> 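Have a look at this one before I ask anything.
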Amino acid sequence: MKRLSPGFCNRDLLPVEVGDIIHLEGECDSDGTWTIDGESGYLILYPDILISSTSIANSIRCLRRAVLSEKFKVCDRGSLQMLIGTMLHDIFQTAVTSGFTQENLQEIAFKKVHGPKYLKEMYELNVNQIKIMQEIEEYLPSFTKWASSFLHKSHVCQQDMQLKLPSDVNKEDPICKIEVTDFVDIEENIWSPRYGLKGKIDVTASVKIHRRSKTAFKVMPLELKTGRETNSIEHRSQVVLYTLLSQERRSDPEAGFLLYLKSGNMYPVPGNHMDRRELLKLRNQLAFYFVHGIKKIGSENGQTELSPLPAIITDKQTCKYCSQIHNCALYNRAVEQDLGVLPPDMSFIEMQTQHLKPSHLKYFGLWCLMCSLEAQCKEGKKGRRNIWLMPAAERERDGSCVGNLIRTGKVETVSEGRYLHHFQSTHDTMPATNLMQGDRVLVSGQEKGLLALSCGYVSEVNQTKISCLLDRNLAKLPEDTLFILDHEEGIGGLDAHLGNLSKLMENSAESEKLRSLIIDFHKPQFLQHLSSVLPLEAKDTVANILKGLNKPQKQAMKRVLLSKDYTLIVGMPGTGKTTTICNLVRILYACKFSVLLTSYTHSAVDNILLKLVKFKVGFLRLGRSQKIHPDIRKFTEEEICKVNAITSLCHLEELYNSQPVVATTCMGINHPIFTRRRFDFCIVDEASQISQPVCLGPLFYASRFVLVGDHQQLPPLVQSAEARDLGMNESLFKRLEQNKEAVVQLTVQYRMNSKIMALTNKLVYEGKLECGSEKVGTATVNLPNLKDLKLKMELFTDYSETWLKDVLEPSNAVCFLNTEKVPAPETADKGGVSNVMEAKLVVFLTSLFIKAGCKSCDVGIIAPYRQQLKIISELLAKSSVSNVEVNTVDKYQGRDKSIIIVSFVRSNTDGNLGDLLKDWRRLNVAITRAKHKLIMLGCVPALGRYLCLETLLCYLSTENMIFTLPAGGHEGLVLASSV
DNA sequence: CAAAGCACCCTTTGT
């Protein structure tokens, strides 16, 4: 691999820039000159960007469309022809193992059409199974015809074929007959960092090429096509690319075949060097656009802007059927025209975008830019290229991979395309790994050339074994094959963002309404009287539910019922957000409204559902089973389909329409149900933590929405500082909050006692928060053995540590332990920032509270840094304390414990405390998790350098809640902990 | 200077 140096820059051939990474293949002189010409050699630009063969084939007609399809993936919708195509592929591939007789093909076809596999797609297209079967049956005779001419020595009666292989000597006779002797693989998945390509080969076959002079054997790719028999450049190109991909696994096949399933005709496609090179040049152009989607303007720390895409083509015929036409026009209008790039034909741009106002285009452009910045930032941190660039041992150390595995036991076929595999380490025990149940994994062979054999999900990990549900059956590989499992974190992960943004710009009633509310801030409308929405028969039920609620909660319910557009519910800490949402759903359900219930995380969705279950509100839960709470799984589509053996379209439709309440995550909205169902209300929980484009997703499917959150708690996480500065971490909740009439605040809280509550009231909520009852306000920690403990401590030590008494005292609900004099400095290593002394103190206090009679599950430890959590967990394990939850601030949001110990970690003299502690919202979350006792540890003068912490410390000091630990005071702890 | 979450992916066909 070479880094391009100045001077090597031929813009006619390839759009490269200084600094771009290339891979060269071919002849190299002693003076370092590479020869790449019509005979040999390739140049691959950014070989670590793997581009699919279909993308490249698609870019032949229009490069711009191929780039757009990559950005706006979700915008490409399916069609009936596509579904038939996929099914015919599947049928052919199944016949490969069971035979091509008409009877067998009929049987396979019937099973596929009436099986569960394609039901969702049929639902989406709203076609019936009988029609699909008819279409498919037309093809089957050609399957048999193909088999009889090309399989098993039947080539004798076959017509001659012309095939000239690149390696053939000049005068070799191109006339030949082809015999397929064996099927090596189907849907073989290949990633090639050598050519920068990826793809799946329909059929990999062993082929005998019979010629008059001699017979040749080759393993070749076979590409199936169900459409019109065009033998077009697009089709042939795909085959040529597969001949390149094949080289990752075996020697150059030199050619492949195009098989048209409608006629049974098969055409040879040689992989000539010039064709390959032309296609790789096309690939390089795509790679260039993928890498250079944005560029810095001005000098060093200048701003970034979006780059123009490949030019708009002038061939109207091609545009007529383009699935990206909307995004093509939109991007030109919103982005390129500002850069001075004008289209060849203004009228089509006009037509596609005339419904959009300048404000809409501006919003679209800005969010595209922010998403690109964030994608680039993420890509730089952990691209999937590490899988082939980083040695396995190094990845293993990070915990993102497990190597040296061999397959054990049998491969179980769970359903079509899902195979359960078990792996064992060749070492005695499984190495430590971050891989968890439900994680997406990529399986490769340890040997070079076996990259990306299959992918799937982890179904179980323990000390000795790891089990995965994979998309391919690996039993065919030799038994001693060594495997590596890599955590597949996905690339960028901003597909949903861009898809939703594009949808927001569509010319539809739903999109127009959302644009006016969200972009143009149109005032949300409300009805005047409840009687107009409340059906008579629901009145009693609703009144009953309302009876159990506090005032602001009742207020919230009314607001939602009266809303015509949206409502924002501010759920301050401990105010019963989940209960409120649960009651809201009950009320809407009673009023016969349909509800789409969503949140960012699976666990938040399930928390509400777990409450809802008790009230006999029926719902359908969508999403991957493994990520869903075990008690909720029986309400998932997957489970219901399995239990009821649903294999017909009308039963599936019935299921999809069976419940007025549908629950899923914001990202789960690509489910086929949303192509046809609409809802009266959409509720989004955790809304203040979701970025705008993602939050938008579910809103398209409902006529009104309710966002629940609290923007005083953590905002959406944005890694790119530039994107953050442009406003990417502003949630939709925050954006809409300026419309005060839509906001209701839940101010009555049931979590914290009054002293803990006072803290956040002072810091954040301006005294709005109040305790739900006298009991809540005066509650203290329950330490039944405290007296005993105190006595023992006085016996064994001189118990001069008065601060210890103070900290243990239940009535001191809030304590800040100042480590200034101890001292307790921070340390930083590659794992992150930590503070060992603070960790020791935390563990000491924890065990003391447990000795005083507190249950370990009632204690929670919070730190902003993972490294600190690691050290604390290790120390806890050593002192055999278990069941104490140790977690980051971010993970504790939405939860509580009786006692919370916060370790602030940062303690230095150079003034830099990092970004994490700067955010007052993170601080707010940290100090509002404790019900009865909040203990904070940190160095007062160091922390005081940040404004939000200074404000906190100032207040604590006036309330006499700061206890300065004596110098070397920690030494006594060893003694004390032996008590 | 490091916080967390979600996501199936590559294909299928039409000029």
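Please read these numbers as outputs of a predicted model, since none were measured by experiment. Proteins get letters first, then strands, A, B, ... in listed order; numbering begins at 1 in each.
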> Both A:Gly199 and A:Arg906 contact DNA chain B. Which one's nearest nucleotide lies toward the 5' end?
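Comparing both residues, the 5'-ward one is A:Arg906.
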> What nucleotide, of B:dT12, B:dA2, B:dC10, holds the atom closest to the side chain of A:Leu916?
B:dA2
> State which of B:dT15, B:dG14, B:dA4 makes the closest approach to the side chain of A:Gln317.
B:dT15
> Check every atom of B:dA7, B:dA2, B:dC9 against the side chain of A:Thr665 and return the nucleotide holding the closest atom.
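From the listed options, B:dA7 comes nearest.
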> Quick one: is A:Ser52 getting a side-chain N or O under 4.0 Å of the B:dT11 phosphate, OP1 or OP2?
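Yes, because at least one side-chain N or O of A:Ser52 sits under 4.0 Å from OP1 or OP2 of B:dT11.
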> When you get a sec, tell me which of B:dT15, B:dA4, B:dT12 is the closest nucleotide to the side chain of A:Leu717?
B:dA4
> Measuring from the side chain of A:Gln81 (C-beta onward, heavy atoms only), which nucleotide among B:dC8, B:dC6, B:dT13 has the closest atom?
B:dT13
> With a cut-off of less than 4.0 Å, is there a side-chain N or O of A:Gln238 near OP1 or OP2 of B:dT12?
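Yes.
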> Between B:dT12 and B:dC8, how far apart are the two C1' atoms, rounded to whole Å?
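So the two C1' atoms sit 16 Å from each other.
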> Can you identify which nucleotide, out of B:dA2, B:dT12, B:dC6, has its nearest atom closest to the A:Lys225 side chain?
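Per side-chain heavy atoms of A:Lys225, the pick is B:dT12.
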> Between A:Phe143 and A:Phe92, how do the two ring planes meet: parallel, tilted or perpendicular, split at 30° and 60°?
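Rings of A:Phe143 and A:Phe92: perpendicular, over 60°.
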> Nearest whole angstrom, please: distance from the P of B:dG5 to the CZ of A:Arg624.
15 Å
